[in-house]
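Scroll down for the structure; my scribbles are underneath it.
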Number of protein chains: 2
Amino acid sequence: MESKLALSQLSALAQENRLAVFRLLVKAGHDGLPAGDIAAALGVPPNTLSSQLNILSNAGLVEGNRQGRSIIYTANYDAISGLIVFLMEDCCQGREEVCSPVMAAAQSACC
Amino acid sequence: MESKLALSQLSALAQENRLAVFRLLVKAGHDGLPAGDIAAALGVPPNTLSSQLNILSNAGLVEGNRQGRSIIYTANYDAISGLIVFLMEDCCQGREEVCSPVMAAAQSACC
DNA sequence: TCCATATTTCCACGATACTGGAAATATGGA
DNA sequence: TCCATATTTCCAGTATCGTGGAAATATGGA
């Protein structure tokens, strides 16, 4: 049952603050951001953010590495692309109606 | 802020039963399935299923149309592909790391 | 060693979600 | 009209989630 992971990832992203955190980390790129900066950017107390980061981290969507006093969080691109592929293949069974618009978007967005 | 819809869709899919309902409806194709059959397939009481269908429906992921005594539910392919595109473009900013695997999956899955 | 900084863990409160019983609504057939 | 079927709405109980104060932990520097 591979959908257990997908479920935890959907769950993690299905919340305003956490989606915002993830988007911020994507924008930040491979360098990532320290937890404190994320908290400041979102206007959330550090302990609250910490539990949200923990949920994203358990879902494999972000990763944290200590660097000095800070912990630098980065988005996990493999995880999000895995989720997207799950939605396309396992969930939607590669249906043409789903695939085609995604393909078009992929082409115009980056590929 | 277009992400409000995406959030409600992520939320709707972030639950075991509802994800199962959606997958079942995708498998059922354009003919869809009556609510009763879905409830039976998942082993969920009809009123419980009804509220779950309602959540999926409010998120635009499924649609119900009365046909005689039954209400036939169908998956909304536009909605799910819209969500996938949102994750790729708005959320992940068309990053190559996200796009490429999705592109590859799309190619092998259907296109 | 002592202190400041960065983050997490512990804990509890309020809010929201999931579930299913009971009753209501809608449809079709006798 | 009356009844059976299909589904929804109403409602309440339990569980899970989101939040943030207070304390704990980890690191680096003086």
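In what follows, chains are A, B, ... by sequence order, proteins preceding strands, each numbered from 1.
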Closest to the B:P34 side chain: C:dT8, D:dT7, D:dT19?
->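 Of all the options, the side chain of B:P34 is nearest to D:dT7.
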Picking from D:dG18, D:dT8, C:dT8, which would you name as closest to the side chain of A:I71?
->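 The nucleotide sitting nearest to the side chain is C:dT8.
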Writing each nucleotide of DNA chain D 5' to 3' as (, ), [, ], | or . by Watson-Crick or G-U pairing under 3.5 Å yields ||||||||||||||||||||||||||||||
Can you tell me if the side-chain N/O atoms of [X] get under 4.0 Å from OP1 or OP2 in [N]?
{"X": "B:R18", "N": "C:dC18", "answer": "yes"}
{"X": "B:Q52", "N": "C:dT19", "answer": "yes"}
{"X": "B:Y73", "N": "D:dT8", "answer": "yes"}
{"X": "A:Q15", "N": "D:dT19", "answer": "yes"}
{"X": "A:S70", "N": "D:dT27", "answer": "no"}

Of the non-hydrogen atoms in B:L87 and A:I84, which two are nearest, and what is the gap between them?
->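 Closest heavy-atom pair between B:L87 and A:I84: CB-CD1, 3.9 Å.
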Minimum-distance pair of heavy atoms, taken over all atoms of A:R18 and A:L56 =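 So the two residues come closest at O-CD1, 3.8 Å.
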Heavy-atom side-chain contact between B:I72 and B:L33 under 4.5 Å |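 When only atoms from C-beta onward are counted, B:L33 and B:I72 do not touch, as no gap falls below 4.5 Å.
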Side chain B:N47 and base C:dG21 donor-acceptor under 3.5 Å |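 In this structure, the two groups form a donor-acceptor pair.
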Measure the distance from [atom1] on [X] to [atom2] on [N] and round it to the nearest whole Å.
{"X": "B:D37", "N": "D:dT7", "atom1": "CG", "atom2": "C1'", "value": "13 Å"}
{"X": "B:L33", "N": "D:dT7", "atom1": "CG", "atom2": "C1'", "value": "15 Å"}
{"X": "A:N65", "N": "C:dT7", "atom1": "CG", "atom2": "P", "value": "13 Å"}

Reckon B:P46 touches a base, only the sugar-phosphate, or nothing at all at heavy-atom distances under 4.0 Å?
->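 Base contact.
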Using a cut-off of 4.0 Å on non-hydrogen atoms, how would the nucleic acid contact of B:N54 be classed: base, sugar-phosphate, or nothing?
->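 Nothing: the residue B:N54, judged by heavy atoms under 4.0 Å, touches no strand.
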Find the distance between CD (A:E97) and CG (B:D78) and round it off to the nearest 0.5 Å.
->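 Result: 9.0 Å between the selected atoms.
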Position toward the 5' end of DNA chain C (nearest nucleotide), B:R69 or B:T48 |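 Nearer the 5' end of the strand: B:T48.
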